[in-house]
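Working notes for the structure below.
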Number of protein chains: 2
Amino acid sequence: MRDRGFGGPNVCALVGISYRQLDYWARTGLLEPSLAPATGSGSRRLYSYGDLVELKVIKRLLDGGVSLRAARRAIDFLRQNLAGDLSSVNLVLDGKRSILARSGEEIVDLLAGGQGVLNIVPLGSVLRELDAAIVELDERRPVQAGETADPAGSSEGGTPRLDREA
Amino acid sequence: MRDRGFGGPNVCALVGISYRQLDYWARTGLLEPSLAPATGSGSRRLYSYGDLVELKVIKRLLDGGVSLRAARRAIDFLRQNLAGDLSSVNLVLDGKRSILARSGEEIVDLLAGGQGVLNIVPLGSVLRELDAAIVELDERRPVQAGETADPAGSSEGGTPRLDREA
DNA sequence: CCGGCCCACGACAACCGTGTAACTACGGTC
DNA sequence: GACCGTAGTTACACGGTTGTCGTGGGCCGG
């Protein structure tokens with residue numbers, strides 16, 4: 001089941017970032033938890049599976065040498081272009097625009113015509129790695145309390161989020 | 001003739017960066033002018049054509065959202081792998097390693113096998129854009145004094161530099 | 001009700017990269 | 001030899017990102 005929520009520290013372990021980063025990103029609006037935002041000290045953020053995907057993409061970008069600023073733009077784009085099946089798509093950035101490329105040829109075309117730098121993120125591998133991390137986490141620490149997605153009000157019509165559709 | 005040198009401010013105009021950046025990069029060792037380093041206040045840095053190429057690559061990377069830190073790694077690599085004809089090569093970074101890819105297929109292969117982000121810089125377009133900028137500069141301001149490469153001691157055996165070999 | 005634990009929050013420090021501006025030294029001219 | 005423009009030098013400031021640490025509020029077991 002990927003419908004449950006994930007707590008802050010667990011998220012950090014899953015995507016491989018520090019809590020400080022997760023916190024900072026939430027505060028600065030890069031990625032607020034879609035299941036439950038923080039409501040003052042003592043509360044708990046609850047992240048959805050889609051959130052995890054986005055976070056992992058950001059992490060990939062940072063590892064690839066992309067600045068957080070550029071990553072913000074990339075995520076903004078990604079949120080608005082949720083192609084059906086993410087697992088076979090590549091996220092391509094060229095500094096200005098962003099594109100979702102389905103085939104390798106498409107990328108070669110971009111290379112031929114474009115004059116800028118291209119940053120390419122194969123989303124398939126992101127999903128695979130994330131899923132692997134989740135099962136590994138569940139093995140070590142079999143699903144705890146407070147992780148069932150449904151914090152009272154469950155009909156939110158906010159920003160569209162990523163979701164698996166393979 | 002691309003054998004002449006270029007002064008600091010001219011370099012800024014050519015590659016499209018601020019003087020502050022050029023200065024900072026020179027001081028922090030990202031790219032020191034290969035023809036003549038700064039020797040105290042009042043002196044003048046003199047950049048070679050190869051320097052300009054590297055600078056333009058850096059500029060491209062920054063525009064593409066790559067952090068300066070990653071750009072440093074990229075340039076380090078580029079210095080050590082001067083393939084003969086740059087104009088048909090793509091510089092590919094994956095965060096860890098760097099590669100020079102000659103064909104589009106090569107990149108597709110990398111995409112298939114790799115799991116990280118790829119940053120791709122088509123060097124051909126860099127050279128083209130740079131050359132165009134140089135001729136445009138010469139038109140507006142026909143070659144001034146102090147730009148002939150040969151600051152007294154001309155037999156430097158330092159770090160290998162990029163050079164056009166098309 | 002009490003004691004702990006988890007975790008958001010706040011404040012601070014540090015680093016990097018860049019902008020701005022004043023200062024200074026060199027090279028040329030008159 | 002004094003003047004002046006050019007350009008490197010120095011100092012300061014600022015925004016963005018992350019690390020560290022102490023605080024305090026909520027939740028749960030006893």
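Proteins come first, then strands; the chains are lettered A, B, ... in the order of their sequence lines, and each starts at number 1.
Here B:T39 pairs with B:S43 under the side-chain contact (heavy atoms from CB on, under 4.5 Å) rule; sequence neighbours left out. Taking B:Q21 as the reference, B:I17, B:S18, B:W25, B:L62 meet the side-chain contact (heavy atoms from CB on, under 4.5 Å) condition, with sequence neighbours excluded. A:S41 pairs by the side-chain contact (heavy atoms from CB on, under 4.5 Å) definition with nothing, not counting sequence neighbours.
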Check: For every nucleotide of nucleotides 9-15 of chain D, 5' to 3': is a protein heavy atom under 4.0 Å from its base (B), only from its sugar-phosphate (S), or from neither (-)?
Finding: BBB----

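A:F6 has its CZ atom 18 Å from the C1' atom of C:dC7, to the nearest Å. Taking atom CD1 on A:I58 and atom C1' on D:dT18, their separation rounds to 15 Å, with Å as the unit. Atom OH of B:Y47 is separated from atom C1' of D:dA7 by 11 Å (rounded to the nearest Å). Nucleotide C:dG17 holds its C1' atom 11 Å from the CG atom of B:L30, rounded to whole Å. Atom CG in A:L62 sits about 6 Å away from atom P in D:dT18, given to the nearest Å. Protein atom CG of B:L22 is 8 Å distant from nucleotide atom P of D:dG8, rounded to whole Å. The CZ atom of A:R44 sits 8 Å away from the P atom of D:dC27 (whole-angstrom rounding). In this structure, the CG atom of B:L46 is 13 Å from the C1' atom of D:dA7, given to the nearest Å.
The phosphate of D:dT18 has neither OP1 nor OP2 within less than 4.0 Å of any side-chain N or O from A:Y24. When the side-chain nitrogen and oxygen atoms of B:W25 are compared with OP1 and OP2 of C:dG17, none of them lie within a distance under 4.0 Å.
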Listing, residues 89-101 of chain A side-chain donor-acceptor contacts under 3.5 Å, not counting sequence neighbours, or none:
unit_1: A:D94; atom_1: OD1; unit_2: A:K96; atom_2: N; d: 3.1
unit_1: A:D94; atom_1: OD1; unit_2: A:R97; atom_2: N; d: 2.8

Cut-off 3.5 Å, no hydrogens considered: what does the side-chain donor-acceptor table look like for residues 65-77 of chain B, sequence neighbours left out?
unit_1: B:S67; atom_1: OG; unit_2: A:G65; atom_2: O; d: 3.2
unit_1: B:S67; atom_1: OG; unit_2: B:A70; atom_2: N; d: 3.2
unit_1: B:R72; atom_1: NH1; unit_2: B:T28; atom_2: OG1; d: 3.4
unit_1: B:R72; atom_1: NH2; unit_2: B:T28; atom_2: OG1; d: 3.3

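Shown here is A:E106, whose CD atom has more than 12 heavy atoms of other residues, nucleotides or ligands within 6.0 Å.
For A:Q21, the side-chain atoms get nearest to D:dG19 when compared with the rest of C:dT18, D:dA7, D:dG19.
Taking every heavy atom of residues 69-76 of chain A and every atom of DNA chain C, no pair lies under 4.0 Å.
The stretch residues 114-123 of chain A participates, sequence neighbours left out, in no salt bridge (Lys or Arg N to Asp or Glu O under 4.0 Å) pair at all.
Residue contacts for B:S67: at a heavy-atom cut-off of 4.0 Å it reaches no nucleic acid atom on any strand shown. Here A:S18 lies in heavy-atom contact (under 4.0 Å) with sugar-phosphate atoms only.
B:E32 and B:R27 are not joined by a salt bridge, as no carboxylate oxygen comes within less than 4.0 angstrom of a charged side-chain nitrogen.
Here A:V108 is tied into one hydrophobic group with B:V108, each link being a pair of ILVMFWY side chains closer than 4.5 Å.
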